[in-house]
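A short write-up of the structure that comes next.
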Amino acid sequence: MAGGRMGGYASRILDIGGVRTAVEWAAAEGWNPGLHDADAFAAADTTGFRGAWWGDELVATISAVRYGAELGFIGFYIVSPHWRGRGIGYRLWGEAMASLADVPTVGLDAVVEQQEAYARSGFVRAFSSFRHGGVLEGRASARARSVTGAVRDALVAHDRQHFPAGRRAFLEAWWSLPDSHTRFIAVEGAVVASGTIRRCRDGWKVGPLFADSPGLAEELLDDLVACAGGRARVFLDAPEPNGAAGRLAAERGMEVVFETGRMYRGPDPGLPLPRIFGVTSFELG
């Protein structure tokens, strides 16, 4: 069993049951994860989630997901409320970061009040993201299509244009989640927009939403909402530097309900933010 001990402390890699527990803890913290996120998150890196136990009790979780040799991403850093302030989370954080020591860039999305703490660990803020929420009316697009075997390679390649590393295993699981819909638009055989909407504890989340233009993003967003039933409470996590994404949300009456800061330790991968209208998730990038 991989892990370490400190008095009654023990740490080890989480199995799928442990990952599901981490997602439930995230829901309790108000992060509003998808109903079935755990299966896709676990597929991203089968050794990427760690837990800390005190005796037989799970007391802290963290994810340190590795995307090939290029990128690591930290998320699910949660200590059970009555175990906070005892140094357990800090110990688990150190183990997670050590597991990514050979990765040149490590990213995370930090809530505002924790950004200073992450800065002391060498993380530098790159941009803010705002979660917009509101009730939207959908409209199906005649051009949008669902994922089929014939287009999977093209969709993986499209994702790679908007994410710093390959993540096919995650995407294959993400596209297959129950209570979700993935759609794309292609023009002359080239994918120009893609996105996923999934059922969450509260409403639906759109993520990712990648598009070559604001008009395409608008068209695909409307189509995704139509897939969710035509009228739904929807959340979109948009990077602040993409002003068109913020305007798209505001024009539909969506309000900012949450803010995070994307931070990196190591080189900033330089995301094409004008084409990113919705990040995939705050937990895994």
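With hydrogens and angles ignored, the 3.5 Å screen pairs no side-chain donor or acceptor of Glu283 with any backbone N or O of Phe76. Listed for the Ser63 side chain is a donor-acceptor partner under 3.5 Å among the backbone atoms of Gly75. Judged by distance alone, with hydrogens and angles left aside, the side-chain atoms of Arg125 form no donor-acceptor pair with the main-chain N or O of Gly261 at under 3.5 Å. When atom types are taken as modelled, the side chain of Thr105 and the backbone of Gly266 share no donor-acceptor pair closer than 3.5 angstrom. Using modelled atom types, one side-chain atom of His181 and one backbone atom of Cys227 make a donor-acceptor pair closer than 3.5 Å. Remark: the backbone N or O of Val257 is not paired with any side-chain donor or acceptor of Arg131 at under 3.5 angstrom. The main-chain N or O of Gly17 is found under 3.5 Å from a side-chain atom of Thr21 such that the two form a donor-acceptor pair.
The aromatic ring centres of Phe184 and Trp175 sit 6.0 Å or more apart. Aromatic ring centres of Phe258 and Phe235: separated by at least 6.0 Å.
The pair Arg252-Asp222 meets the salt-bridge criterion, since a charged nitrogen lies less than 4.0 angstrom from a carboxylate oxygen. By the 4.0 Å N-to-carboxylate-O rule, Asp37 lies too far from Arg201 to be salt-bridged with it. A salt bridge between Arg20 and Glu24 is absent, with no side-chain N of the basic residue lying under 4.0 Å from a carboxylate O of the acidic one.
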Report the C-alpha separation of Phe277 and Leu220 in whole Å, then their side-chain angles, then the decisive distance to 0.1 Å, and conclude whether the side-chain contact (heavy atoms from CB on, under 4.5 Å) test is met.
CA-CA 11 Å; Phe277 291 80; Leu220 192 57; over 6 Å; no
Under the side-chain contact (heavy atoms from CB on, under 4.5 Å) rule, what do Leu100 and Arg66 come out as? Steps first, then yes or no, please.
CA-CA 7 Å; Leu100 299 175; Arg66 177 186 294 265; 4.2 Å; yes
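Using modelled atom types, one finds no donor on one side chain facing an acceptor on the other under 3.5 Å when comparing Arg50 with Ser99.
The only option from Phe170, Phe163, Phe73 that meets the ring-ring contact (aromatic ring centres under 6.0 Å, His included) definition with Tyr67 turns out to be Phe163.
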